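Here is the structure we will look at.
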Amino acid sequence: MRDLIIIGSGPAGYTAAIYAARADLKPVVITSSVEMGGDLMKTTEVDNFPGFPEGVMGPELMMNMQAQAERFGAELIFDDAVSVELEGPVKKVTLGNGDVLEARAVILSTGSEYRRLGLDDEARLSGFGVSWCATCDGAFFRKRTVAVVGGGDSAMEEATFLTRFADKVYLLHRSDNFRASPAMLSRAKADAKIEFVTGVTVTGIQGTDAVSGITLTETDGSTRELAIDGLFVAIGADPRTALFADTVTLTEAGTVAVDGRSSRTNLAGVFAAGDVIDPTYRQAITAAGSGAVAALDAQHYLESAH
Ligand SMILES: Cc1cc2nc3c(=O)[nH]c(=O)nc-3n(C[C@H](O)[C@H](O)[C@H](O)COP(=O)(O)OP(=O)(O)OC[C@H]3O[C@@H](n4cnc5c(N)ncnc54)[C@H](O)[C@@H]3O)c2cc1C
């Protein structure tokens, strides 16, 4: 039987694999069949991951993490985990090809999915003006015009943060009712660079190589175009927990519940790391840090279980 299975190959999974492999746990990483490397495979320049003064392309960063994990002996399986049995001392993970892997410990690092608007050109222009992260991409929009879609705290935070760079920030929301806390809402409303546009839905994105504008549809069905350079989508994120939500305890936010600052879930020998436990920060570096925590927790668990 194996010591450790890691499900997911984003910064959390690969960092856990590097630490676990260096501790001689011979981890196996189930990478996903089509999305190996995680969310950063979907982006272009990553400017905020330490160690890359000139920035690094997302896919290059993830290929480097993969190579580093493999260098220490982590085994990669390019398949999906389709079902799991996580209770009891022997954990079982069934793969898409029908194989069943067994291990004494499992790290869940399946990430989370930013909610999308569901528009035709959204995926094509992702990384070319369409973004889900102002912290990551805001600095690319210095002296430009951008729009943020959403009505919650994260939309207010993104809009306020973007005023550091952009000359103009539109805050677009489908109604006049905001989920955002009164304090966050008033801070955004008081900012002279932010213009609230309510009662609108974004129904189209224009741009050949990069975003040049969007179509807004009003509640009466009329449409108009708005010229912008960047569109930040801040309508929430869904942790990817469907695989294990029936046995692993989740928080109200839908993330995996962990014990304090550790990665321990409600099940002995099951650890979780990265965006799947994080309702707040959702950054590559925080995911990587939490992957290291999970590997160390798994190592201590396996040592004490001997
Ligand atoms: C377009 C975009 C740009 C971004 N830019 C930046 C940036 O510039 N800087 C920054 O710090 N952050 C950025 N982020 C956020 C960053 O990518 C995430 O915070 C980070 O990738 C989270 O790492 P993770 O390992 O927790 O999850 P993920 O990277 O989401 O990886 C999870 C992996 O698990 C896999 N998986 C899920 N379920 C299964 C299963 N059943 N079986 C096998 N595999 C499974 C997924 O397919 C995925 O490969 C960006 C995100 C996006 C979407």
Side-chain angles (χ1 to χ4, degrees), residues 5-18 28-52 55-62 65-66 69 76-84 86 93-97 99 101 106-116 122-140 230-234 237-245 248 255-256 263 271-295:
I5 296 172
I6 297 168
I7 305 178
S9 58
Y14 278 148
T15 306
I18 292 165
V28 54
V29 183
I30 303 170
T31 63
S32 150
S33 58
V34 286
E35 292 189 327
M36 51 287 255
D39 272 355
L40 286 184
M41 299 299 280
K42 302 173 194 160
T43 193
T44 48
E45 198 96 45
V46 177
D47 259 351
N48 57 6
F49 201 88
F52 297 91
V56 58
M57 299 304 272
E60 186 188 344
L61 178 61
M62 296 318 300
M65 286 194 200
Q66 176 186 331
L76 269 51
I77 297 182
F78 299 99
D79 204 344
D80 303 302
V82 294
S83 70
V84 288
L86 299 175
V93 178
T94 304
L95 303 180
N97 68 6
D99 287 356
L101 307 184
V106 169
I107 293 175
L108 308 170
S109 49
T110 47
S112 75
E113 193 92 58
Y114 287 114
R115 287 190 199 135
R116 296 180 180 249
E122 192 175 1
R124 180 176 64 83
L125 292 168
S126 164
F128 299 95
V130 178
S131 172
W132 284 262
C133 176
T135 309
C136 311
D137 298 329
F140 299 128
L231 178 65
F232 287 81
V233 183
D238 297 308
R240 293 191 197 96
T241 56
L243 182 66
F244 41 76
V248 174
T255 50
V256 174
S263 64
F271 305 89
D275 283 7
V276 78
I277 67 166
D278 184 353
T280 316
Y281 303 107
R282 292 197 293 262
Q283 295 294 296
I285 188 66
T286 51
S290 118
V293 168

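All values derive from a computational prediction rather than experimental measurement. Just follow the structure's listing: the first ligand is 1, and inside any ligand the first atom is 1.
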Enumerate the atoms of ligand 1 whose separation from the nearest heavy atom of [X] is less than 4.0 angstrom.
| X | value |
| --- | --- |
| G38 | 28 (P), 29 (O), 31 (O), 48 (C), 49 (O) |
| E35 | 47 (O), 48 (C), 49 (O) |
| D80 | 42 (N), 43 (C) |
| G111 | 26 (O), 27 (O), 30 (O), 32 (C) |
| G274 | 26 (O) |
| A12 | 25 (O), 26 (O) |
| T110 | 32 (C), 34 (O), 37 (C), 38 (N), 39 (C) |
| L243 | 41 (N) |

Straight-line distance of S263 OG to L108 CG, nearest 0.5 Å
9.5 Å

CE of M57 to OG1 of T43, rounded to nearest 0.5 Å, is 8.0 Å

Checking a contact table here: which protein heavy atom is nearest [atom], and how many Å away?
| atom | answer |
| --- | --- |
| atom 34 (O) of ligand 1 | G8 CA, 3.2 Å |
| atom 45 (C) of ligand 1 | S32 CB, 4.0 Å |
| atom 11 (O) of ligand 1 | A284 N, 2.8 Å |
| atom 30 (O) of ligand 1 | R240 NH1, 3.2 Å |
| atom 15 (C) of ligand 1 | R282 O, 3.8 Å |
| atom 6 (C) of ligand 1 | C136 SG, 3.1 Å |
| atom 33 (C) of ligand 1 | S9 N, 3.6 Å |
| atom 42 (N) of ligand 1 | A81 N, 3.0 Å |

Do the side chains of [Y] and [X] get nearer than 4.5 Å, heavy atoms only?
| X | Y | value |
| --- | --- | --- |
| Y14 | L76 | yes |
| V106 | I7 | yes |
| V256 | F244 | yes |

Using atom types as modelled and distance alone, determine if a side-chain donor or acceptor of [X] lies under 3.5 Å from a backbone N or O of [Y].
| X | Y | value |
| --- | --- | --- |
| T110 | R240 | yes |
| S9 | T31 | yes |
| D80 | S33 | yes |
| S112 | P239 | no |
| N97 | D79 | no |

R116 to W132 six-membered ring, cation-pi geometry met (6.0 Å, 45°):
yes

Heavy-atom pairs closer than 4.0 Å: do any link ligand 1 to the side chain of V34, the backbone, both, or neither?
neither

Can you tell which part of A287 has a heavy atom less than 4.0 Å from ligand 1: side chain, backbone, both or neither?
side chain

Basic-acidic side-chain contact under 4.0 Å: E122, K42:
no

Counting only heavy atoms, tell me which of [options] gets closest to [atom].
| atom | options | value |
| --- | --- | --- |
| atom 17 (O) of ligand 1 | L40, D47, I7 | L40 |
| atom 53 (C) of ligand 1 | F49, W132, F78, Y114 | Y114 |
| atom 18 (C) of ligand 1 | D39, I77, D275 | D275 |

With the threshold set at under 4.0 angstrom, would you say C133 reaches ligand 1 through any of its heavy atoms?
no

With only distance considered, is [X] within less than 3.5 Å of ligand 1 through an N or O on each side?
| X | result |
| --- | --- |
| V46 | no |
| P11 | yes |
| Q283 | yes |
| N48 | yes |

Test side-chain contact (heavy atoms from CB on, under 4.5 Å) on I5 and I30; report intermediate values, then the result.
CA-CA 7 Å; I5 296 172; I30 303 170; 3.6 Å; yes

Enclosure of Y281 OH (heavy-atom neighbours >12, cutoff 6.0 Å)
no

Show your reasoning for whether side-chain contact (heavy atoms from CB on, under 4.5 Å) applies to I285 and N48.
CA-CA 8 Å; I285 188 66; N48 57 6; over 6 Å; no

